[in-house]
Amino acid sequence: MAKQVSFIFRQNPKPCFRHFSTNSEPQQQQQLITKVAGEVCEIIRTRPRWENTLISLFPSFNFLDTRFFNEVLRLQNNPFLSLRLFNWLESQSGFSLDPISCKSLFTSLVECNASVVAKSIYDSFPQFNHEPDSVESLICCLCNDGFVNEAVDLFEKLKSLGHRPSIVTWNAAFAGAVRDKRTDIVWSLYGEMMDCGVVLNVETAGYLIQACCIDNNAEGGYELLRQIRKDGVVPDTVALKRLISGFSMDGKYDRVSELLHLMVETNHHLDIFTYQEIIHGLCKCGRVGEGYRVFNELKARGYAPDRVMYTIMIHGLCQLKWIEKARGLWVEMKEKGIPPNEYTYNVLIRGYCRIYEVEEALKLLKEMCDRGYRLNTVNYNTLIAGLCMNRRTKEACDLFEEMSQSGVVPDVITYNSLIRGLCKDGQLAKGQVFFEELLAQGLTPTNSSYTPFIEQLCRLGRTQQALELLTDMMNRGVEPSIYNRECIVDGLCKEGSPIDGMRWLSEMLDRKLIPRRKVFLGLIKCLVQQDKLESALIVVNSMLPVGYMLGKFLSRSLVSKFCSTNSNHVEMLLQDIISSSQVS
DNA sequence: TTAGGGTTAG
C-alpha cells in the first residue's frame, strides 16, 4: 500500500502539480521531493520575495518533510540561501532540523567561511554531534574573522568530547589571538595544547615569538627562536620582524644585527618598514649616527625612503643639531616629489628652534600654512616652546591666543611650555595665570607644570613658597622629582638655612635619590661659611660613598677652617680627603 | 598598486 504523504501548509487543498500523488511509492516520493527542491532552489535564487509565494506555488507539498530540506541543501550551492529557507521553515510551526540536515547546513556554512552564522547553528543545536573536523574548520573561520573568544569556547567543547584538535587549528587560534594582541589567550591555549600532547611546529613558534614581543619580552621570543633553530627551521618574516622591532625598542642592536643577517641568509624579504623601525629605534636611543649610516646604505642599495622614513631621519639629525644634513634630506625628499607634511614640517621647525634660528623656523611655518596645512596642537606646542626657548615669550603668548581663536585645543604641554618660558623670563605672575587656566580647563598638572615655579622661587630665595607648591603637587598625586628636591636644598642654602637643607638631603639619600655633585658642594660651602664644620663633615661623608670628589678649592677651605678652629678634626678630615681622591 | 610607520615640554 502506498504511503500517505502528509500535507502541511495546505492552504489550497487542491494539488496543483500533476506529478504529485498522495499515494505514490517511496521512489516516486523521492523523485517528487527532488523535483520540488530543484524548483524551490531556482525560485529562492531568482525571486527576492519568495517567502510570500512558496506555499501558493506548492499548495499541497509538505515542506516539513526533512527529506525536502536535505535535498535543497544537496542542490543549493549557496548556503546563505539555504539558511534563509531554513529560517522560513523554522518560522512555520512544526519544523525542526534533523541531524543530517543540521550537519549538512553547518558544514556548508563552515565551508563558505560564514563563521558567525555557523557558530549560531552550532549553538542552537547542541543536541547534534557536529563533526569535530567541521568544528575545527569553524574555529579557523572564527579566528580569521576576529572572533577568537568564540573559538576558545569551541576548543573547550572539543576537549569535553575527547577530541584533540590538529596543529592547524591551534595555529589559526594563535594567529587570531596575536592579531588581537590577546597574549593571555595565546598562553592559556598554548598550555592546553601542550596538555593535549600536540607538538608545536615552526608556525606555532612564530606566533609565540610574536606574543613574547607583544608582551615586551623580546628576549623570551629570541630564546624560542634559538630553540627552533636547533631543528634547522626559521619562523616567518612577521615573527622575525617583530623580534627586530622589539630589540630596536630595547636598544639591543647586536641582536638586531644578528637577526638581520639571519633574515638575509634565509632569504626573508626585508621591507622598508623593517628598516624604518630599525632607524627609528637607533635614533630613539641616541644612536642617530648609526641610523643615518643605515639610511644611506639603504638608499645606496636602491631602497626608496618614503615620507615617514625621511621624517624620522630628519628628526634624528635635528636632535643632534645636524641641521645642514637635515636640510639636505629635506631638499632631497622634495626633489624626489615627496612633499613634507605636518610631521616633517614639525621636526624641522623644532630643529631650527633648537639651534636658536627662530626666523628660519617661522619661515617654514609660513611655507607650511601657504601649502594649506592647518596647524594642530603639536605644531603650536613646538612653536610656543621654540619661541619661549628663545626668550620670545610675548610672541609665544600671542600664538597661544591665535591657537584658541582658531579652535585648536591647547593641552598640558602647551601650558607647561608657556609656564616654563614665562618663569624663566621672571614673569611668575603671568605663569601663574596659565597654571590656573590649566586647572580651569580640567587638565591634570604634571611635574613640569610645577617645576618652573619651584625652580624660580628657590632661586629668588622664596623657598617657603616653593615648599607650599611642593605640598600642593603631592596633594594632587604628582611625585616631586630629584630636581625639585635639589632646588629646595639650594633654596634653603640661599635662605641661610643649610641645616634644613641637610635634612632634605638626608631624606633624599634615604630614598636612594642621588642629587648632583653641585648640590652637595653648595650645601658644604654654605655650612662652612656659617662655621658649621661638624655638619659640613657629615655632608662630606655622605658624598664620598656616592662617588663624588670634594674638589681642591673646597678641600682647602675646609682644612683651613678646621685648622683655625678645632685641630682634632684635621686628621680625620685629611683621611676623608685622601679617600675622596682615591675614589676619583 | 592593502596598510602599516613618523611630530611637541623637561
Side-chain angles (χ1 to χ4, degrees), chain A residues 179 181 210 237-238 241-242 244-245 248-249 269-284 288 291 295 303-319 326 329-330 333 338-354 361 364-365 368 373-390 393 396 399-400 403 408-424 431 434-435 438 443-456 473 478-484 486-487:
Chain A
R179 205 183 309 122
K181 298 200 166 37
Q210 288 194 59
T237 311
V238 182
K241 275 167 59 180
R242 281 235 193 194
I244 288 179
S245 160
S248 293
M249 292 296 167
H269 174 65
L270 283 162
D271 64 13
I272 198 84
F273 294 104
T274 312
Y275 283 114
Q276 180 188 299
E277 282 191 56
I278 293 166
I279 293 171
H280 192 207
L282 280 167
C283 290
K284 266 207 290 202
V288 180
F295 180 83
Y303 278 88
D306 64 1
R307 182 157 50 192
V308 175
M309 188 87 118
Y310 272 110
T311 306
I312 290 169
M313 203 59 253
I314 292 172
H315 182 211
L317 293 169
C318 285
Q319 276 178 316
L329 288 186
W330 175 268
M333 72 184 277
I338 307 169
N341 66 1
E342 57 266 63
Y343 286 83
T344 333
Y345 273 105
N346 198 64
V347 293
L348 196 61
I349 287 173
R350 169 88 186 106
Y352 278 112
C353 290
R354 281 172 76 98
L364 276 171
L365 175 76
M368 183 180 168
Y373 285 109
R374 206 173 157 268
L375 300 185
N376 61 24
T377 304
V378 176
N379 300 139
Y380 273 110
N381 288 352
T382 302
L383 279 159
I384 287 172
L387 287 166
C388 286
M389 191 180 162
N390 286 270
T393 45
L399 208 57
F400 177 80
M403 184 177 182
V408 182
V409 184
D411 62 8
V412 71
I413 297 178
T414 322
Y415 286 103
N416 290 356
S417 302
L418 280 166
I419 290 169
R420 185 172 140 82
L422 289 164
C423 287
K424 270 215 154 39
F434 281 106
F435 183 86
L438 181 161
L443 293 166
T444 309
T446 66
N447 184 277
S448 300
S449 318
Y450 287 94
T451 299
F453 292 109
I454 294 173
E455 188 183 58
Q456 289 304 314
M473 187 174 172
V478 182
E479 185 58 29
S481 64
I482 299 186
Y483 180 64
N484 297 144
E486 283 183 353
C487 287

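So that the names make sense, note that chain A is the first sequence line, chain B the second, and so on, each numbered from 1.
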*asked:* Under 3.5 Å, is there a donor on one side chain and an acceptor on the other for A:Asn379 and A:Thr382?
replied: no
Given the side-chain rings of A:Tyr343 and A:Tyr310, with only the six-membered ring counted for Trp, is the space between their centroids under 6.0 Å?
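Between A:Tyr310 and A:Tyr343, which both carry aromatic rings, the centre distance is not below 6.0 Å.
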For nucleotides 3-10 of chain B, 5' to 3', base contacts (B), sugar-phosphate-only contacts (S) and non-contacts (-) with protein non-hydrogen atoms under 4.0 Å give -BBBBBBB
Residue pairs passing the salt bridge (charged side-chain N to carboxylate O under 4.0 Å, His left out) test with at least one member in residues 376-388 of chain A, sequence neighbours excluded, are none
**OP:** Take the angle between the ring planes of A:Phe434 and A:Tyr415 and call it parallel below 30°, perpendicular above 60°, tilted in between.
**Re:** tilted
Tightest non-hydrogen contact, residues A:Ser417 and A:Ala385, listed as OG-CB, 4.0 Å
